[in-house]
Amino acid sequence: MKVSLIENGGGMYVEEFQVTIIELNTKNKSQLRVKVDEAETTENIIIRAGICGKEILSADYNYLPAFQKFRDKLLQLGYGIKCNGARLNAVQSEMMSGVDKVYLVEMGRQALTKDIVHIWDYADINNFPDTKQQEDFWKKWKER
């Protein structure tokens with residue numbers, strides 16, 4: 001869920017999202033504020049948040065890989081993020097690579113416009129795949 005647009009100086013803006021995370025070993029839910037610089041200050045998508053006294057930072061030229069790096073760092077700390085980008089079936093086309101949208105695909109079915117969702121929107125999920133698992137799913141789906 002988008003919370004705000006913050007000026008980052010010199011007319012540059014950073015989006016801020018509030019997302020739900022779950023501690024994997026206790027299942028406790030909490031909220032996390034995530035700041036995203038969508039290639040305003042550099043050519044990269046930069047995602048950052050503070051958790052457990054640490055700053056989690058990830059960056060990539062494309063949005064989904066930047067998100068995946070961020071999500072994998074959360075997983076390493078024992079947290080899953082309950083949003084569309086964390087779903088096993090979240091994929092992104094090359095044409096969408098610079099935006100915060102993904103397709104939620106199904107095996108044996110072509111991705112359609114109606115399947116496009118916002119990466120950060122809440123998803124009621126209980127399984128938290130890592131990037132490799134998402135990529136394996138995408139390869140199988142693509143081969144359909």
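Basis for what follows: all heavy atoms, side chains included, without hydrogens, waters or symmetry-related copies.
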Asker: Kindly say whether Ala66 contributes a backbone atom to a donor-acceptor pair with the side chain of Ser58 at under 3.5 angstrom?
Answerer: yes
Asker: Go through the steps to decide whether Leu32 and Gln18 satisfy the test side chain to side chain contact (heavy atoms under 4.5 Å, CB included), and finish with yes or no.
Answerer: CA-CA 6 Å; Leu32 180 66; Gln18 185 160 329; over 6 Å; no
Asker: Enter the distance from Ile81:CD1 to Ile21:CD1 here, rounded to the nearest 0.5 Å.
Answerer: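 Here the rounded value is 7.5 Å.
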Asker: Got Leu24 and Leu75 here, is their nearest side-chain heavy-atom distance under 4.5 Å?
Answerer: yes
Asker: Atom SG of Cys83 and atom CG of Asp121: how far apart are they, to the nearest 0.5 Å?
Answerer: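 Cys83 atom SG to Asp121 atom CG measures 8.5 Å (nearest 0.5 Å).
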Asker: Answer yes or no: is there a side-chain heavy-atom contact under 4.5 Å between Val117 and Val102?
Answerer: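 In short, these two side chains touch, coming nearer than 4.5 Å.
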Asker: So, Ser97 and Gln92: side-chain donor and acceptor under 3.5 Å apart, yes or no?
Answerer: no
Asker: Is it true that Arg71 and Gln76 share a donor-acceptor pair across their side chains at a distance under 3.5 Å?
Answerer: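 No, no side-chain donor-acceptor pair sits under 3.5 Å.
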Asker: Please determine whether the number of non-hydrogen atoms from other residues, nucleotides or ligands lying under 6.0 Å from atom CD of Glu55 exceeds 12.
Answerer: yes
Asker: In chain order, what residues pass the salt bridge (charged side-chain N to carboxylate O under 4.0 Å, His left out) check against Asp136, with sequence neighbours excluded?
Answerer: Lys132
Asker: Would you indicate whether Met107, at its atom CE, is surrounded by more than 12 heavy atoms from other residues, nucleotides or ligands within a distance under 6.0 Å?
Answerer: yes
Asker: Any pair with a residue in residues 17-32 that passes salt bridge (Lys or Arg N to Asp or Glu O under 4.0 Å), sequence neighbours left out, goes on the list, sorted by first then second residue, please.
Answerer: none
Asker: Shortest non-hydrogen contact from Ala49 to Arg33?
Answerer: CB-O, 3.4 Å
Asker: Between Phe17 and Trp120, how do the two ring planes meet: parallel, tilted or perpendicular, split at 30° and 60°?
Answerer: parallel
Asker: Where the side chain of Lys101 meets the backbone of Met96, is there a donor-acceptor pair that is under 3.5 Å apart?
Answerer: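 No, Lys101 side chain to Met96 backbone: no donor-acceptor pair under 3.5 Å.
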Asker: Using the side chain to side chain contact (heavy atoms under 4.5 Å, CB included) rule, take Asp115 and Val105 through it: C-alpha gap first, then chi angles, then the decisive distance, then the call.
Answerer: CA-CA 7 Å; Asp115 301 321; Val105 298; 5.8 Å; no
Asker: Hey, what do you get for CG (Leu77) to CD1 (Ile51), rounding to the nearest 0.5 Å?
Answerer: 6.5 Å
Asker: Side chain to side chain contact (heavy atoms under 4.5 Å, CB included) between Asn127 and Leu88: does it pass, once the steps are laid out?
Answerer: CA-CA 8 Å; Asn127 294 318; Leu88 179 65; over 6 Å; no
Asker: Looking at Trp138, I want to see if its CH2 is surrounded by more than 12 non-hydrogen atoms of other residues, nucleotides or ligands under 6.0 Å.
Answerer: no
Asker: When rounded to the nearest 0.5 angstrom, what distance separates CG in Asn25 from CG in Asn28?
Answerer: 8.5 Å
Asker: Are Lys82 and Phe128 side-chain neighbours, meaning at least one heavy-atom pair lies under 4.5 Å?
Answerer: yes
Asker: Do the non-hydrogen side-chain atoms of Ile119 and Asn84 ever get within less than 4.5 Å of each other?
Answerer: no
Asker: Can Lys35 and Glu15 be counted as an ion pair, charged N to O under 4.0 angstrom?
Answerer: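 Looking at Lys35 and Glu15, the cut-off is not met.
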Asker: Do Phe67 and Val36 come close enough that some side-chain heavy atom pair is under 4.5 Å?
Answerer: no
Asker: Are Asn89 and Trp141 close enough, and set up right, to give a side chain to side chain contact (heavy atoms under 4.5 Å, CB included), and what steps lead you there?
Answerer: CA-CA 9 Å; Asn89 62 332; Trp141 174 78; over 6 Å; no
Asker: Under a 3.5 Å threshold, yes or no: a donor from one side chain and an acceptor from the other, between Asp100 and His118?
Answerer: yes
Asker: Measure the NZ-CG distance between Lys114 and Leu104 for me, rounded to the nearest 0.5 Å.
Answerer: 10.5 Å
Asker: Are Ile47 and Tyr79 in one and the same hydrophobic cluster, where Ile, Leu, Val, Met, Phe, Trp and Tyr link if side-chain heavy atoms are under 4.5 Å apart?
Answerer: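 Cluster IDs for Ile47 and Tyr79 match.
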Asker: Give, for atom CZ of Phe70 and atom OG1 of Thr131, the distance between the pair rounded to the nearest 0.5 Å.
Answerer: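 Rounded to the nearest 0.5 Å, the CZ-OG1 separation comes to 12.5 Å.
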Asker: According to a 4.5 Å side-chain heavy-atom criterion applied to Ile, Leu, Val, Met, Phe, Trp and Tyr, with indirect links allowed, do Ile125 and Ile22 form part of one hydrophobic cluster?
Answerer: yes
Asker: Are Ile45 and Asn62 side-chain neighbours, meaning at least one heavy-atom pair lies under 4.5 Å?
Answerer: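 No, every pair of side-chain atoms sits at 4.5 Å or beyond.
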Asker: Out of curiosity, does Ile56 fall in the hydrophobic cluster containing Val34 (side-chain heavy atoms, cut-off under 4.5 Å, transitive links)?
Answerer: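 Hydrophobic grouping puts Val34 with Ile56.
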Asker: What do you reckon, is CD of Gln31 surrounded by more than 12 foreign heavy atoms closer than 6.0 Å?
Answerer: yes
Asker: Could you check whether Lys140 pairs with Glu143 (Lys NZ or Arg NE/NH1/NH2 to Asp/Glu carboxylate O, under 4.0 Å)?
Answerer: no
Asker: Within the side chain of Gln134, is there an N or O that forms a donor-acceptor pair under 3.5 Å with the backbone of Gly85?
Answerer: yes
Asker: Does Val19 reach the side chain of Tyr122, with side-chain heavy atoms less than 4.5 Å apart?
Answerer: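 No, side chains not in contact.
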